[in-house]
Protein chains: 2
Amino acid sequence: MNYKDAKDKFIQTWGSLGTLWGINKAMAQIHALLLISPEPLSMEDIMGELHISRGNTSMNLRQLIDWGIVFKTSVVGERKEFFSSEKDIQELAKQIARERSRREIQPTLKVLKEVSSIEDDGTDKTKEFIKQTKSLHELAETADSIMNRVVNQEANWITKTFIKLLK
Amino acid sequence: MNYKDAKDKFIQTWGSLGTLWGINKAMAQIHALLLISPEPLSMEDIMGELHISRGNTSMNLRQLIDWGIVFKTSVVGERKEFFSSEKDIQELAKQIARERSRREIQPTLKVLKEVSSIEDDGTDKTKEFIKQTKSLHELAETADSIMNRVVNQEANWITKTFIKLLK
DNA sequence: TTAAACTTTCAAAAATTATTGAAAATTTAT
DNA sequence: ATAAATTTTCAATAATTTTTGAAAGTTTAA
């Protein structure tokens, strides 16, 4: 496989993966493109490479910036803005974990805590409800904790230790 | 909050979370409903509780069964089929991790491995491409491994060790 | 200032995904 | 075997999400 094919395949795959995970295709593809580009890209560049409209590009770039994984970059002698992504994959994972936790897991934990705190009136259905929502709360908390720990500091050391222990 | 409100809130929350993660609302809600129900439910029951059509219920139940987290159950003296979900939350997490790995992570790993194996022609863009896709491959492998290990047997031991190490 | 370069916004259109409901298929009881 | 009960399928429709493109807004150079 040559560079061009590999690149297209990567961008395409990243795009469908995104879709599967509730991230829209354009956003995932822009991110993929910036991730493998050694130079920052302009909006024109992105529009051209991915064949998407100016508006689409602008909106999705904004979202990526909101997520903290793409940055505006200025290029000397150029008037327009350029964009580049976080290149350190560990840092990227960290940032994504941080945002998903903040946006999704924390609110879910809050609801689970709330609903699992209803008064136990002794009926089967209430007992089951409390039991299951409490278990989910516990699981979500553990998962969140592990995710953050793994992805945060010492990730490397931990990963190695872990894999050694478990292989 | 009373049982009814807590139940509605839980089902509603699970539904939107599902959407966020690329699972459709009906599927997530059916799952939520079965998860907290102490008794298996019939299709009629589910349709009634969630106000969704027969076809919708049937299709989404099938998907949940495909995922291995909902089972057909027979109830003595009843002609129609009943459904119940995996109630053990650990087991549920295990099953979901297993399926996501099989359906999403493995195929992605395959593509990453493939595209990161292009020949290095010495140009910046090729070098960057190989570097980044290799890093992603490594990250995905690690994440997959950790997820599976954590969620599989010894989850408890590992969690404790881990949290102790990192606190 | 002005005007060209560039970016953002947003209503409309297109594309995608989810849902319905009724016909077809299947299962079960007699 | 028959028919009633139940489930599945799937074309049509509805709902949602994404994308476009042009107008409005902003920034910069001169």
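Computed from heavy atoms alone, side chains included, the values below leave out hydrogens, waters and symmetry copies. In what follows, every chain begins at residue 1, and chains take the letters A, B, ... in the order their sequences are listed.
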Does B/Glu49 pair with B/Lys7 as a salt bridge, N-O distance under 4.0 Å?
->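 Judged by the 4.0 Å cut-off on N to carboxylate O distance, B/Glu49 and B/Lys7 do form a salt bridge.
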
Under 3.5 Å, is there a donor-acceptor pair between the B/Asp144 and B/Ser101 side chains?
->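 Side chains of B/Asp144 and B/Ser101: pair found under 3.5 Å.
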
What is the separation between atom [atom1] on [X] and atom [atom2] on [N], rounded to the nearest whole Å?
X       : N      : atom1 : atom2 : result
B/Met59 : C/dA24 : CE    : P     : 17 Å
A/Ile52 : D/dG21 : CD1   : P     : 12 Å
A/Ile30 : C/dT7  : CD1   : C1'   : 14 Å
A/Leu64 : C/dT8  : CG    : C1'   : 16 Å
A/Ile23 : D/dT17 : CD1   : C1'   : 15 Å
A/Ile46 : C/dC6  : CD1   : P     : 15 Å
B/Asn60 : C/dA18 : CG    : P     : 9 Å
B/Arg54 : D/dC10 : CZ    : P     : 18 Å

Does NZ or CZ of A/Arg100 come closer than 6.0 Å to the centre of the six-membered ring of A/Trp21, within 45° of the ring's axis?
->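 No, A/Arg100 does not sit over the ring of A/Trp21.
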
Do we get A/Arg103 above A/Trp67's six-membered ring, with its NZ or CZ under 6.0 Å from the centre and within 45° of the axis?
->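 A/Arg103 over A/Trp67 ring: yes.
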
Nucleotide nearest B/Lys80 (side chain, heavy atoms from C-beta), chosen from D/dT7, C/dT19, D/dG21 =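 It is D/dT7.
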
Listed nucleotide nearest any side-chain atom of A/Met43, set D/dT8, C/dT7, D/dG21 =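 My answer, after comparing the listed nucleotides, is C/dT7.
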
Kindly indicate whether the side chain of B/Thr19, heavy atoms from C-beta on, has any atom under 4.5 Å from the side chain of B/Ile23.
->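 A side-chain contact under 4.5 Å is absent here.
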
Please determine whether a side-chain nitrogen or oxygen atom of [X] lies at a distance below 4.0 Å from atom OP1 or OP2 of [N].
X       : N      : answer
A/Asn24 : D/dT19 : yes
A/Asn56 : D/dT20 : yes
B/Lys72 : D/dT6  : no

Per the atom types in the model, does the base of C/dT28 pair as donor or acceptor with the side chain of B/Arg79 at under 3.5 Å?
->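 Side chain to base: pair present.
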
Looking at every strand, decide which applies to B/Arg62 at a 4.0 Å heavy-atom threshold: base, sugar-phosphate, or nothing.
->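 Answer is sugar-phosphate: B/Arg62 comes under 4.0 Å of backbone atoms only.
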
Taking the nucleotide of DNA chain C with the closest heavy atom to each, which residue, A/Lys25 or A/Glu78, is nearer the 5' end?
->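 Comparing both residues, the 5'-ward one is A/Glu78.
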
